[in-house]
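Every heavy atom of this structure was used, including side-chain atoms; hydrogens, water molecules and symmetry mates were not.
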Amino acid sequence: MSSFFILYKSSQIHCWQWGKGEKPLLCFHGFGETADSFMPLARQLGDTYTIFAIDLPLHGKTVWNEGMVCTTEDIINIINNIPVLHNQHFSLAGYSMGGRVALSVYEQIPQRIQQLILLAPDGLKINFWYWLATQTTLGNRLFKYFMKKPGIFFKVTKVLKNIKMINMGVYNYVHQHLNQQDKRMQLYTIWTTMRKLRPDAKNIKKLIQKNHTPAFLIYGRYDRVIRHTTGSQFKKGIENTCTLHVLPCGHRILNEKNTAEIASLLQ
């Protein structure tokens with residue numbers, strides 16, 4: 001196990017490396033987490049893979065000095081600054097928000113990806129509220145305002161829950177994780193910075209089929225934030241290369257009790 005920094009433009013990108021296997025595997029973590037969230041999985045896979053996990057912009061030890069924007073091109077350039085991965089083939093894994101990053105990278109360089117591993121991934125389905133908050137000027141301004149003055153925001157989410165425009169899982173997540181000013185501004189800053197990563201699920205399905213990329217969709221049965229039914233819809237028509245696995249857990253899919261099963265699926 002070791003860690004190192006990648007110099008990219010004016011930024012320093014922190015990366016962990018585990019294992020000694022012949023297959024390189026690059027991992028992207030979820031919102032508000034760090035690269036070492038993949039450590040339990042790396043312990044299971046270290047004989048088969050050499051695992052790299054990057055602290056995404058505004059996370060962990062990474063120092064991001066490129067303003068409030070990160071593009072797929074930025075991520076690919078960062079990957080190519082890891083010598084083992086430079087213009088090479090590798091497997092790609094992403095959890096939650098990191099799933100959206102992985103999908104965006106895959107869409108640009110599908111011919112280099114040996115396996116696509118999506119763990120409760122964001123990005124396969126367009127969320128209206130995320131789109132409004134990050135892809136429209138007015139929505140982003142309102143988003144920032146509500147994060148600074150959350151009283152109205154919390155009232156609106158309660159109304160949306162009551163009329164079933166957001167589910168209980170999302171409602172609980174919002175109220176548990178946005179009860180402090182610093183958490184709210186972290187959400188605004190990260191969502192806005194990562195807004196350019198917009199994978200096209202329909203195009204990705206075509207690329208998986210065309211490139212015969214083994215794709216693994218792994219969800220928690222009791223996940224109320226990102227539901228496994230999204231994966232069921234996505235894999236229709238590409239069942240020959242895409243498999244769906246539903247584990248008896250919630251959204252926290254990378255904990256110790258799940259990693260042995262996840263590793264067995266991949267090996």
Side-chain angles (χ1 to χ4, degrees), residues 15-19 21-31 33-54 56 72 75-76 79 82 84-85 88-125 197 199 201 204-205 207-209 211-221 223 226-228 230-232 234-235 238-247 249 251-267:
C15 184
W16 281 103
Q17 179 177 339
W18 301 286
E22 293 182 0
K23 301 177 182 179
L25 169 63
L26 177 66
C27 304
F28 295 114
H29 61 78
F31 170 83
E33 300 193 352
T34 58
D36 60 9
S37 62
F38 279 94
M39 191 179 296
L41 183 61
R43 292 193 190 105
Q44 301 285 341
L45 294 174
D47 290 336
T48 305
Y49 295 86
T50 298
I51 300 106
F52 300 90
I54 290 172
L56 290 168
T72 305
I75 299 295
I76 292 173
I79 293 169
I82 301 174
V84 175
L85 303 182
Q88 298 299 313
H89 293 83
F90 58 94
S91 293
L92 188 59
Y95 164 67
S96 196
M97 183 188 76
R100 180 155 53 90
V101 180
L103 287 163
S104 298
V105 170
Y106 177 80
E107 188 171 12
Q108 295 302 313
I109 53 170
Q111 69 283 356
R112 289 175 57 189
I113 306 305
Q114 294 174 318
Q115 294 174 303
L116 181 61
I117 304 156
L118 301 169
L119 305 153
D122 183 23
L124 290 181
K125 181 179 179 181
L197 284 86
I204 288 167
K205 286 182 68 168
L207 291 171
I208 288 173
Q209 191 81 316
N211 291 277
H212 305 288
T213 308
F216 300 84
L217 298 171
I218 305 172
Y219 290 82
R221 183 175 302 281
D223 190 341
I226 299 178
R227 297 179 181 272
H228 63 83
T230 302
S232 298
F234 179 79
K235 82 180 190 75
I238 56 171
E239 290 89 350
N240 59 326
T241 54
C242 180
T243 58
L244 173 67
H245 310 274
V246 182
L247 305 182
C249 63
H251 191 59
R252 298 290 179 184
I253 204 167
L254 282 172
N255 56 36
E256 294 278 0
K257 68 178 182 180
N258 294 322
T259 51
E261 187 168 354
I262 294 171
S264 69
L265 294 173
L266 302 181
Q267 294 174 320

So how far is it from [X] [atom1] to [Y] [atom2], rounded to the nearest 0.5 Å?
X      : Y      : atom1 : atom2 : value
Leu45  : Ile117 : CG    : CD1   : 7.5 Å
Ile82  : Gln17  : CD1   : CD    : 8.5 Å
Leu244 : Lys235 : CG    : NZ    : 6.0 Å
Ile113 : Leu92  : CD1   : CG    : 4.5 Å

Within a strict 4.5 Å, meaning less than it, do heavy atoms of the [X] and [Y] side chains meet?
X      : Y      : result
Asp223 : Ile253 : no
Ser96  : His251 : yes
Tyr219 : Arg227 : no

Could I get the full list of side-chain contact (heavy atoms from CB on, under 4.5 Å) partners for [X], not counting sequence neighbours?
X      : answer
Thr259 : Pro40, Leu41, Gln44, Glu256
Thr72  : Ile76, Ser104, Gln108, Leu197
Gln209 : Ile238, Asn240, Thr241
Glu22  : none

Can you name the side chain to side chain donor-acceptor pair (under 3.5 Å) partners of [X], sequence neighbours left out?
X      : result
Asn255 : Asn258
Ser37  : none
Tyr106 : Thr213
Thr243 : His245

Notebook entry, point to check: If you look only at pairs with a residue in residues 98-118, which of them pass as a salt bridge (charged side-chain N to carboxylate O under 4.0 Å, His left out), with sequence neighbours excluded?
Noted result: Arg100-Asp122

Next item on the list: Could you list the residues that satisfy ring pair (Phe, Tyr, Trp, His ring centres under 6.0 Å) with His228, not counting sequence neighbours?
Entry: none

Notebook entry, point to check: Given Leu25 and Phe52, is the side chain to side chain contact (heavy atoms under 4.5 Å, CB included) satisfied, shown in steps?
Noted result: CA-CA 6 Å; Leu25 169 63; Phe52 300 90; over 6 Å; no

